[in-house]
Amino acid sequence: MMMTRFLASLVVSMLILAGCEQQPEWNGRDISGLMPPLEFGLTGEDGDPITEEAFADQVVALFFGYTHCPDVCPPTLSRLAQAIQQLPEEKRDDVQVLFVSVDPERDTPEHLKEYTDYFGDQITGVTGEIPQLRKLAKRYRTTFSHGQPDEDGNYTVSHGQAVYIFDRSGKVRLMVRDEMSVDELASDLERLADS
């Protein structure tokens with residue numbers, strides 16, 4: 001009788017522990033609930049207005065930058081594109097990178113399209129007026145600033161390096177930085193695409 005109770009108690013304990021088992025840790029930093037959902041109103045690569053509705057039911061990686069960026073944007077977009085290519089073919093269209101240019105003076109929609117096309121179909125460029133961009137940057141707790149033009153009119157733009165990843169329902173889930181490997185990034189994207 002005591003043995004039966006012991007075994008029953010053991011089974012119940014195991015079931016409780018199994019129910020409490022947590023998901024494996026994310027590779028990126030889990031920021032669920034720390035920022036508002038994906039929402040914006042900007043100009044797309046075709047010159048038309050675009051909102052978050054264009055990416056409904058997709059995993060979205062949001063990244064602020066500019067096309068003349070010499071050292072941060074190209075490798076970040078390349079890593080994101082490589083991670084998406086590592087996903088099973090049927091899941092690649094479930095992930096979209098939203099590249100928000102904070103340099104609207106030089107990054108016209110046409111120029112943005114030419115730039116993002118280099119990295120692949122899953123990368124879409126958007127931009128807007130400076131007040132719109134500042135509002136969006138503030139929404140996602142980042143910032144940007146323009147340097148002074150040199151004698152040739154060239155200037156740099158300082159901007160954040162983080163990528164914010166939103167799930168299919170538009171809720172922020174992860175923040176990733178450039179120390180993450182392509183494999184780790186692909187793993188997180190696939191997990192979000194599966195949910």
Side-chain angles (χ1 to χ4, degrees), residues 23-32 34-35 37-38 40 42 44-45 50 52 54-55 57-104 106-107 109 111-127 133 136-137 139-145 156-195:
Q23 288 279 347
E25 290 291 318
W26 293 100
N27 295 303
R29 182 173 170 208
D30 188 344
I31 58 169
S32 299
L34 297 181
M35 290 184 181
L38 185 65
F40 64 90
L42 294 170
E45 294 177 339
I50 189 170
E52 72 282 353
F55 307 99
D57 199 37
Q58 288 183 299
V59 174
V60 174
L62 178 71
F63 177 60
F64 293 84
Y66 68 116
T67 66
H68 289 77
C69 180
D71 52 2
V72 175
C73 298
T76 299
L77 293 174
S78 180
R79 278 179 40 254
L80 287 163
Q82 289 173 47
I84 292 170
Q85 286 305 306
Q86 284 192 16
L87 300 179
E89 191 171 348
E90 68 276 6
K91 293 181 184 172
R92 291 178 194 157
D93 288 340
D94 295 335
V95 179
Q96 189 69 39
V97 176
L98 193 59
F99 177 59
V100 181
S101 171
V102 292
D103 185 16
R106 292 182 292 189
D107 289 346
H111 184 66
L112 265 175
K113 178 161 179 47
E114 182 180 328
Y115 184 78
T116 59
D117 280 354
Y118 173 79
F119 296 98
D121 294 339
Q122 268 72 44
I123 300 181
T124 299
V126 296
T127 193
L133 296 168
L136 186 65
R139 181 177 175 85
Y140 298 112
R141 301 179 190 171
T142 190
T143 187
F144 63 91
S145 62
T156 59
V157 180
S158 297
H159 62 89
Q161 298 182 21
V163 177
Y164 306 99
I165 302 181
F166 298 79
D167 65 20
R168 290 178 178 274
S169 65
K171 294 177 182 170
V172 70
R173 298 298 299 276
L174 301 173
M175 180 177 73
V176 299
R177 295 190 179 271
D178 58 6
E179 64 266 14
M180 270 182 69
S181 71
V182 170
D183 289 347
E184 290 171 330
L185 189 51
S187 173
D188 282 354
L189 291 175
E190 184 171 4
R191 185 171 156 194
L192 284 170
D194 283 340
S195 58

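- The structure places CZ of Phe40 at 11.0 Å from CZ of Arg139, a figure rounded to the nearest 0.5 Å.
- Partners of Arg29 by salt bridge (charged side-chain N to carboxylate O under 4.0 Å, His left out), not counting sequence neighbours: none found.
- Scanning all heavy atoms of the two residues, the minimum distance from Ala61 to Val163 falls at CB-CG1, 3.8 Å.
- Residues Leu34 and Arg141 approach most closely at O-NH2, 2.7 Å, considering heavy atoms.
- Scored by the salt bridge (charged side-chain N to carboxylate O under 4.0 Å, His left out) test, Glu52 finds no partners at all (sequence neighbours excluded).
- Note that the CZ atom of Arg191 and the CD1 atom of Ile165 stand 12.0 Å from one another [nearest 0.5 Å].
- Among residues two or more places apart in sequence or in another chain, the side-chain contact (heavy atoms from CB on, under 4.5 Å) test is passed with Asp117 by Lys113.
- Applying the ring pair (Phe, Tyr, Trp, His ring centres under 6.0 Å) rule to pairs touching residues 162-195 yields Tyr140-Phe166, sequence neighbours excluded.
- Note that CZ of Arg173 is 6.5 Å distant from CG of Asp30, once rounded to the nearest 0.5 Å.
- Between the CG atom in Leu38 and the CG atom in Leu136 there is a gap of 8.5 Å [rounded to 0.5 Å].
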Please assess Ile50 against Phe55 for the test side-chain contact (heavy atoms from CB on, under 4.5 Å), listing each intermediate value before the final yes or no. CA-CA 10 Å; Ile50 189 170; Phe55 307 99; 3.9 Å; yes
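- Taking 4.5 Å as the limit, some side-chain heavy atom of Thr67 sits within range of a side-chain heavy atom of Leu112.
- When the side-chain contact (heavy atoms from CB on, under 4.5 Å) test is applied to Pro88, the partners found at least two apart in sequence or on another chain are Glu90, Lys91, Glu190.
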Residues 92-101, side-chain donor-acceptor partners within the protein, below 3.5 Å, at least two apart:
from, atom 1, to, atom 2, distance (Å)
Arg92, NE, Gln85, O, 3.4
Arg92, NE, Leu87, O, 3.1
Arg92, NH2, Gln85, O, 3.0
Arg92, NH2, Leu87, O, 3.3
Asp93, OD1, Gln122, NE2, 2.9
Asp94, OD2, Arg168, NH2, 3.0
Gln96, NE2, Gln122, O, 2.9
Gln96, NE2, Thr124, OG1, 2.7
Ser101, OG, Asp103, N, 3.1
Ser101, OG, Asp107, OD2, 2.5

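- Gly44 and Pro109 make their closest contact through O-CB, 3.4 Å (heavy atoms, listed as atom of the first residue, atom of the second, distance).
- Within the 3.5 Å criterion, the main-chain N or O of Trp26 finds no donor-acceptor partner in the side chain of Asp188.
- Residues Ile123 and Ala81 share a closest heavy-atom pair of CD1-CB, 4.1 Å.
- In this structure, Gln161 CD and Phe64 CZ are separated by 14.0 Å, a value rounded to the nearest 0.5 Å.
- Residues Cys69 and His159 approach most closely at SG-NE2, 3.6 Å, considering heavy atoms.
- For the side-chain contact (heavy atoms from CB on, under 4.5 Å) test, residues two or more places apart in sequence or in another chain that qualify with Pro104 are Thr127, Ile130, Leu133.
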Please table the atom pairs, donor to acceptor, closer than 3.5 Å between any side-chain atom in residues 71-80 and protein atoms at least two apart or in another chain.
from, atom 1, to, atom 2, distance (Å)
Thr76, OG1, Val72, O, 2.8
Ser78, OG, Gln82, NE2, 3.0
Arg79, NE, Met180, O, 3.3
Arg79, NH2, Arg177, O, 3.2
Arg79, NH2, Met180, O, 3.3

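- Residues passing the side-chain hydrogen bond (donor to acceptor under 3.5 Å, both in side chains) test with Gln86, sequence neighbours excluded: Asp183.
- The side-chain contact (heavy atoms from CB on, under 4.5 Å) check on Thr143 picks up nothing, with sequence neighbours excluded.
- Residues in residues 68-98 take part in these ring pair (Phe, Tyr, Trp, His ring centres under 6.0 Å) pairs, two or more places apart or across chains: His68-His111.
- For the ring-ring contact (aromatic ring centres under 6.0 Å, His included) test, residues two or more places apart in sequence or in another chain that qualify with Phe144 are His146.
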